[in-house]
Amino acid sequence: MKILTLNGINLNMFGKRDPAQYGTVTLAEIDAQLIALGKELGVEVECFQTNIEGEMAERIHRAHSDGTAAVLINAGAWTHYSYGIRDALAILKCPIIEVHMSNIHAREEFRHHSVIGPIAKGQIAGFGVDSYLLGLRAALSAVKG
């Protein structure tokens with residue numbers, strides 16, 4: 001079983017970007033923790049990051065037919081306004097779990113709204129790296145029903 005983890009715009013800057021908000025962990029370290037937890041849980045975890053919206057949509061389109069069982073997504077700022085990413089995700093038949101390192105509901109007003117939330121199985125936010133790890137567990141649970 002494969003779970004696809006998608007990271008959007010600017011998330012490649014984890015570890016450098018606003019450490020007070022996001023900590024000092026890098027995206028590579030998050031990916032490594034997800035892959036390790038996936039092995040422990042008996043699932044393959046594929047990690048993908050891009051700063052280009054069209055590339056994100058193309059990767060989501062491939063997930064429609066490449067055996068992806070669930071999607072874990074932190075779309076970054078696209079969470080709040082990208083109807084293109086939202087519509088690409090809506091094509092999928094598998095569960096979608098939205099994750100955020102910070103609590104988007106305790107931040108600036110524009111971050112409180114997610115265009116992805118209404119099509120996601122659930123949202124986990126505010127727990128740093130653990131948001132991803134909890135999200136992976138939630139994705140697996142959603143697949144198993």
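All heavy atoms count here, side chains included; hydrogens, waters and symmetry mates do not. Treat the numbers as computed from the prediction; the structure is a model and nothing was measured.
- The heavy-atom pair separating Ala125 from Ile104 by the smallest distance is CB-N, 4.4 Å.
- Nearest heavy atoms, Thr79 versus Ala75: OG1-CB, 3.5 Å.
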Next item on the list: Might you work through the side-chain hydrogen bond (donor to acceptor under 3.5 Å, both in side chains) test for Asn12 and Asn51, ending with a clear yes or no?
Entry: CA-CA 8 Å; Asn12 58 307; Asn51 292 313; 3.3 Å; yes
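- Between Tyr132 and Phe14, the ring-plane angle classifies as perpendicular under the 30° and 60° cut-offs.
- Cluster annotation: Met101 is connected to Leu27 through the hydrophobic network of ILVMFWY side chains, with a link wherever side-chain heavy atoms come within less than 4.5 Å.
- Closest approach of Asn7 to Met56, counting heavy atoms only: O-CE, 3.3 Å.
- Side-chain contact, Glu53 with Ser82: a donor N or O sits under 3.5 Å from an acceptor N or O.
- Across all non-hydrogen atoms, the minimal contact from His80 to His113 is ND1-O, 2.8 Å.
- Ile124 and Ile73 sit in two unconnected hydrophobic clusters of ILVMFWY residues. Membership requires side-chain heavy atoms under 4.5 Å apart, directly or through other members.
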Note to self: Please determine whether side-chain hydrogen bond (donor to acceptor under 3.5 Å, both in side chains) holds for the pair Ser114 and Glu98, giving the CA-CA distance in whole Å, both sets of side-chain angles, and the decisive distance to 0.1 Å.
What the structure shows: CA-CA 9 Å; Ser114 167; Glu98 181 182 345; 3.0 Å; yes
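- Hydrophobic clustering (ILVMFWY, side-chain heavy atoms < 4.5 Å, transitive): Leu134 and Leu6 are in distinct clusters.
- No single ILVMFWY cluster, assembled from side-chain heavy atoms under 4.5 Å apart, contains both Ile97 and Ile116.
- Heavy atoms from other residues, nucleotides or ligands lying under 6.0 Å from NZ of Lys2 number more than 12.
- More than 12 non-hydrogen atoms from other residues, nucleotides or ligands lie less than 6.0 angstrom from CZ of Phe48.
- No more than 12 heavy atoms of other residues, nucleotides or ligands lie within 6.0 Å of CZ in Arg137, so this atom counts as exposed by the packing criterion.
- Looking at every heavy atom in both residues, Val71 comes nearest to Leu89 through CG1-CD2, 4.3 Å.
- The shortest heavy-atom contact between Leu136 and Gly38 is CD2-N, 3.8 Å.
- Leu72 and Val25 fall within a single hydrophobic cluster, where Ile, Leu, Val, Met, Phe, Trp and Tyr are joined by side-chain heavy atoms under 4.5 Å apart, directly or via other members.
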Next item on the list: Verify side chain to side chain contact (heavy atoms under 4.5 Å, CB included) between Ile91 and Ile60, making sure each step is shown before the conclusion.
Entry: CA-CA 9 Å; Ile91 296 167; Ile60 294 166; over 6 Å; no
Next item on the list: Show the numbers, then the answer: is there a salt bridge (charged side-chain N to carboxylate O under 4.0 Å, His left out) between Arg62 and Glu46?
Entry: CA-CA 13 Å; Arg62 284 195 310 277; Glu46 177 188 338; 5.7 Å; no
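- We find the NZ-OG1 distance between Lys16 and Thr26 to be 7.5 Å, quoted to the nearest 0.5 Å.
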